[in-house]
Q: 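This is the structure, below, for whatever I ask next.
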Amino acid sequence: MEGRMNYENDLVNLKATELRLGLPGSDEPTEKKMRNNKRSSSEISEESRTSGVTDQAAGVNDEHEESAPPAKAQVVGWPPIRSYRKNCLQAKKNDEVESGSGMYVKVSVDGAPYLRKIDLKVYRSYPQLLKGLENMFKLTIGAYSEREGYNGSDYAPTYEDKDGDWMLVGDVPWE
Amino acid sequence: MESSKLKREKDSQISDELNELRMESSELKKAKDSPISDESYRRSSFPDEVLERVISLLNSHRDRSSVSLVCKDWYNMERWSRTHVFIGNCYSVSPEIVARRFPKIRSVTLKGKPRFSDFNLVPQNWGADVHAWLVVFAAKYPFLEELRLKRMTISDASLEFLASSFPNFKALSLLSCDGFSTNGLAAIATHCKNLTELDIQENDIDDKGGGWLSCFPESFTSLEVLNFANVTSDINFDALERLIGRCKSMRVLKVNRSVSLEQLQRLLANAPQLTELGTGSFSQELTPRQYEDLESVFNNCKNIHTLSGLWEVKGLYLPALYPVSTHLTFLNLSYAVLQSDELAKLLVHCPQLKRLWVLDTVEDKGLEAVGSNCPLLEELRVFPADPFDEEIVYGVTEAGFVAVSYGCPRLHYVLYFCRQMTNAGVATVVRNCPDFTHFRLCIMTPGQPDYLTNEPMDEAFGAVVKTCRKLQRLSVSGYLTDLTFEYIGRYAKNLETLSVAFAGSSDWGMQCVLAGCPKLRKLEIRDCPFGNAALLSGLEKYESMRSLWMSACNVTMNGCRLLAREMPRLNVEVMKEEGSDDDGRADKVYVYRSIAGRRRDAPSSVLTL
């Protein structure tokens, strides 16, 4: 599971459409606060479950998650589960995510009490993804246009790319 | 299940008779040796024929060992009548020695690698290859019928050799083994004309496809036990259906995930006599008609007492199992992701349950249902569905454990993986269930204290050993000081197996156990602050034990060398990590008694001192 990206919606759409050359992270205070709201209900576990193991394995961790400890190195042979059972559980997880490895990303929304995770592989295009986000968070994002970004809504989907820059969702071809 | 209970009762009756005979025999010896030989003390010797007959009825290998120690005559009578030999550590004895002592063996059980190899703590090429044994058996026991291996390495070539060397071969059981592929299974299927049992469980198999199953010849009808849940690739269903159809004595069938519900229904329609069933995938979309067929076929299977499999189970289809649930004594749901309400609904129909294995997705509420519905429960195993995901907070807790203990007073075997536990919870559990023989508690975060009081979990395990006088096996976890081990040494007088991880404060802890537990046979320790003083305090003890494992402790190479020097009848093996220096820490130490001397097949990473 390489290249996890985070989608971020800002309330103030000016900020969202603003082209900034500043260093990533200048928005951090608000973002961090939201992202650190971890629910303890089983629901979030349900969604993060499928990517949990591979996350740890890849050692990739959300850079903004400062309150959560960095991915702990798994202790070899602990908990004491037979390799056979471990492999079965892993196979089961892969099955659940159809194509063999889900591409789960965290989504946080300004003002929402907790974060969600979505599987990017479930969607085939940006409009589908946006629809999914709209359904999940009960909000409108509006239509994408190259010139104006996401006009007509308070929310704009952004993500952090591998260079650490905040990018608007939709500019780059889906593939 | 029932027949083994009867056997045990019979064995203990015979044991009692033997004890009497033994006492008589030693009286006789004493009488002979005593300076005042009084005629009144002499009794007529027990006729040999009777003695032979009695000894030949013994099944327990421990009883047979005791019998063989009485005197030379008894030793000889025992060795000529033994047909099954159990070897708990394949390196404790050589195949030649076994063959020399026991000329009439027809069934062998062999265990190889240390248990921690199940958790990847033992290097791949460590050993425990069965081939040398097979070669001796082929020469000395050509009529060998049964071979049961646990944690051994067996190659395809060995399986082929096995298949072609023993014309009477009947039963092969492989548990937690490695080194073979489905080609080896094909050889067994092709050549073993008298096979009654093929039991392949939890092995590391190189799965090259399901063609092996089609290798059973059309003329082959003797199979009674077939367990291939472990071998996941698709098999030829027609071949399986025909095989089941012609093996009229089949009583145990455990298929793999590739077998669908509809296919399962077809198999069961032809095998209503089954007593143990492992289903395949339990999640196919069924039409109402198909569902009815499934229900009706389960209705016809009146003899099923053990059920497992249920991969990808859909709660929706569980009711089809209700006709079978009422007679179930063992239900293995450890590969079925069920929520608490789904389990609760099912358990209402399982009043006879004695053994239950589940995933922790059922949570405490599911375990409450266990307590409410299964009063006859004797064994509970709760496995973690996501042992490695640290974001998970669900699972089972002390609440579920306590709930089960209130409803199931006969509980004597527990394996419980949880993320939180309390001393009070455990104390309540053992107060309700004082008959524990096997208590394996795994608090999954290493070194975690009682989550309510923040104290060590010492009092929990103290309660276990003080209350459960019959305790044979104990696995401890959580934050533990030496006090836990003081308790164990002081109270656990029947303890045979102890597993310790991330626990203890000093050498004193391990010393208490070694000094205090007279029946200790297997001690496995990892990541504990026990060092040379502790290791060396058990010098004489280790000869009365099967083995000792210590890894990531404070034992040094010098300590191990000293042990090896003082105790020549022990094999002291150190597994070297790459690049570690010679006089430093001994990272993984495995010590075991042996009459075969040091082994000659150790890889370069294993040093025998």
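Side chains are part of it too, since the values below use all heavy atoms of this structure and drop only hydrogens, waters and symmetry mates. The sequence lines fix the lettering, A, B, ..., with proteins before strands; numbering per chain opens at 1.
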Q: Apply side-chain contact (heavy atoms from CB on, under 4.5 Å) to B:Lys208 and list each qualifying residue two or more places apart in sequence or on a separate chain.
A: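 B:Ser181, B:Thr182, B:Asn183, B:Asp206.
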
Q: Ignoring hydrogens and angles, tell me if any N or O in the side chain of B:Asn230 forms a donor-acceptor pair with the backbone of B:Glu202 under 3.5 Å.
A: yes

Q: What pairs with B:Ser334 under side-chain contact (heavy atoms from CB on, under 4.5 Å), at least two apart in sequence or on another chain?
A: A:Arg85, B:Asn332, B:Trp357, B:Phe383

Q: Less than 4.5 Å to any heavy atom of chain A: does that hold for the side chain of B:Asn203, its backbone, both, or neither?
A: backbone

Q: Need one label for B:Asn120: side chain, backbone, both or neither, based on atoms under 4.5 Å from any heavy atom in chain A.
A: both

Q: Heavy-atom distance under 4.5 Å to chain A: side chain of B:Arg115, backbone, both or neither?
A: neither

Q: Would you kindly say whether B:Tyr451 and B:Glu398 are connected by a side-chain donor-acceptor distance under 3.5 Å?
A: yes

Q: Is B:Ile443 close to chain A through its backbone or its side chain, or both, or neither, when contacts mean heavy atoms under 4.5 Å?
A: backbone

Q: Check the surroundings of atom NZ in A:Lys86: do more than 12 heavy atoms from other residues, nucleotides or ligands lie under 6.0 Å from it?
A: yes

Q: When only pairs under 4.5 Å are counted, which of B:Phe502, B:Phe119, B:Phe417 shares the most heavy-atom pairs with chain A?
A: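 So the answer, after comparing B:Phe502, B:Phe119, B:Phe417, is B:Phe119.
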
